[in-house]
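Scroll down for the structure; my scribbles are underneath it.
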2 protein chains.
Amino acid sequence: MPQHLRRVAKQPSVQRLPAYLRLIKELRDLGEEAVSTTYLAELLDLQPIIVRKDLSVTGIVGRPRIGYDVGELVAAIETYLGWDQVRDAILVGVGHLGTALLGYHGLDDYRLRVRAAFDTNPALAGQSVHNCPVYPWDTAPSFVSAHGIQLAILTVPASAAQAVADTLAAAGIRAFWNFSPVKLHLPPSVVAHQEDLTAGLGVLSLKLRLLLASEPGE
Amino acid sequence: MPQHLRRVAKQPSVQRLPAYLRLIKELRDLGEEAVSTTYLAELLDLQPIIVRKDLSVTGIVGRPRIGYDVGELVAAIETYLGWDQVRDAILVGVGHLGTALLGYHGLDDYRLRVRAAFDTNPALAGQSVHNCPVYPWDTAPSFVSAHGIQLAILTVPASAAQAVADTLAAAGIRAFWNFSPVKLHLPPSVVAHQEDLTAGLGVLSLKLRLLLASEPGE
DNA sequence: TAGATTGTTAATCGATTAACAATC
DNA sequence: TAGATTGTTAATCGATTAACAATC
């Protein structure tokens with residue numbers, strides 16, 4: 001493995017990389033050949049030096065006065081995040097959010113392929129949601145081991161999340177993208193990332209409250 | 001406004017408050033009267049001192065050896081975030097994600113009421129999605145000003161987000177919960193919070209790549 | 001050349017952690 | 001009382017920002 005792919009960026013940096021990637025791909029599709037951190041920073045309301053530091057973890061080198069080669073930069077970020085290769089995934093819990101994610105073409109852009117969805121509701125089994133087959137939950141472990149799936153998207157109710165994760169981890173899942181509002185406790189050989197929509201709503205609500213409180217007449 | 005509601009917690013703290021609130025409400029519903037930071041920290045894989053620091057911004061005081069009063073703590077966090085009062089909202093963009101959010105009862109738990117949804121698709125106008133009426137997008141500005149709506153949830157395509165936000169801000173919207181993968185540029189009298197699902201996917205993908213790379217046989 | 005941009009090194013800032021007195 | 005927990009103050013750690021030489 002090349003040295004620069006070993007560098008571990010801290011979470012704030014990693015979280016910004018997908019936003020850079022999105023913009024740079026747009027520029028590429030518009031025919032641009034180079035991009036500067038000054039420009040990216042302006043679009044994202046960041047300091048140019050932050051963008052430069054963030055990009056440096058991917059090992060990319062730019063050219064003074066010109067910036068970074070757009071094609072190289074896309075490749076560098078994708079390689080760094082592991083988005084350069086197709087990864088198979090399953091989704092568990094075909095409710096509102098699960099259905100929405102199955103219909104979200106964005107995942108495809110990042111080469112994440114949801115091969116199957118699972119649900120305990122027998123009415124869903126055998127159906128196809130946004131072109132993804134839905135199977136009974138019982139069959140998930142054998143599907144995972146048969147196809148060597150490493151990534152699972154969890155959109156199950158909070159009460160079920162830990163048990164579902166335990167079962168899938170035993171079947172071979174190594175990474176959970178967890179949309180259930182529960183912190184998963186897993187062995188060190190498995191990684192997880194929790195999406196918490198209410199965290200964002202909390203930040204926004206506080207901002208709004210402080211904004212309104214700061215205004216005359218309050 | 002009481003002094004402690006003026007204290008502005010930093011973003012990492014604020015983001016953790018909703019997770020505390022969720023757990024504490026569960027405890028309350030189980031009949032618990034007190035909770036310690038030691039206990040909350042264990043459930044969330046955090047240090048107790050972090051939890052204590054985070055809670056202190058709400059102005060709550062605990063009792064040594066006992067912890068915090070569960071009812072008081074729920075009230076303190078809700079008041080701090082502005083979740084103690086019902087807030088009206090609209091949603092713009094009734095696609096997969098917009099539909100999922102309309103069906104998400106979680107919003108109701110935080111007293112966020114989506115009064116109407118809007119879409120440019122004429123086939124949707126007049127329909128009702130998860131008990132929320134859908135109207136033509138053109139009518140959004142007048143709805144916002146007529147009802148004094150301050151918060152808007154944006155689930156529109158990236159290409160439309162900035163224009164939609166500009167229009168709504170002019171009509172009186174003060175806060176945007178933005179699910180479009182675009183950084184909004186808004187006047188200082190308006191706040192926004194961007195949800196970026198791909199940021200989380202990036203973090204998870206990197207964790208997985210590093211996990212696999214660290215294993216024997218790689 | 002002049003000026004813009006990269007990329008390094010050092011300084012600052014803020015969040016996390018440690019230490020510990022207070023208290024129930 | 002002994003022991004667990006709160007809450008403050010100080011220390012550490014890590015991320016952001018500043019300064020600036022290198023370079024195209």
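Numbered from 1 within each chain, the chains take letters A, B, ... in sequence-line order. Keep in mind that the numbers below use all heavy atoms, side chains included, and drop hydrogens, waters and symmetry copies.
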Verdict with reasoning, B:E33 to B:R28, per salt bridge (charged side-chain N to carboxylate O under 4.0 Å, His left out):
CA-CA 7 Å; B:E33 294 187 349; B:R28 183 192 59 187; over 6 Å; no
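Taking each heavy atom of B:D196 and A:R22 in turn, the nearest pair found is OD2-NH2, 3.0 Å. The shortest heavy-atom contact between A:P18 and B:G202 is CG-CA, 4.3 Å.
The structure places CG of B:L154 at 8.0 Å from CG of B:L91, a figure rounded to the nearest 0.5 Å.
Rounded to a whole Å, the CD1 atom of B:I60 is 13 Å from the P atom of D:dT8. The CG-P distance, from B:D54 to C:dT17, rounds to 11 Å in whole Å. Regarding A:L73, its CG atom lies at a distance of 15 Å from the C1' atom of C:dT5, rounded to whole Å.
The environment of B:Y104 atom OH is dense: over 12 non-hydrogen atoms of other residues, nucleotides or ligands sit within 6.0 angstrom. For A:R113, the CZ atom sits in a packed shell: over 12 heavy atoms of surrounding residues, nucleotides or ligands are nearer than 6.0 Å.
Taken together, the paired segments of DNA chain D that extend over three or more consecutive Watson-Crick or G-U pairs, each closer than 3.5 Å at both contacts, are C:3-24 with D:3-24.
Seen from the ring of A:Y68, A:R52 does not count as a face-on cation partner, given the 6.0 Å and 45° thresholds.
Aromatic ring pairs are classed by plane angle as parallel below 30°, tilted from 30° to 60° and perpendicular above 60°; the pair B:W83 and B:Y110 is tilted.
Checked for salt-bridge contact, B:R174 and A:E215 meet the test: a charged N lies under 4.0 Å from a carboxylate O. Looking at B:K25 and B:E32, no side-chain N of the basic residue comes within less than 4.0 Å of a carboxylate O on the acidic one, giving no salt bridge.
Taking every heavy atom of residues 26-53 of chain A and every atom of DNA chain D, pairs under 4.0 Å involve A:Q47, A:I49, A:I50, A:K53, by number.
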Atom pairs, protein N/O to nucleotides 21-24 of chain D N/O, distance under 3.5 Å:
none

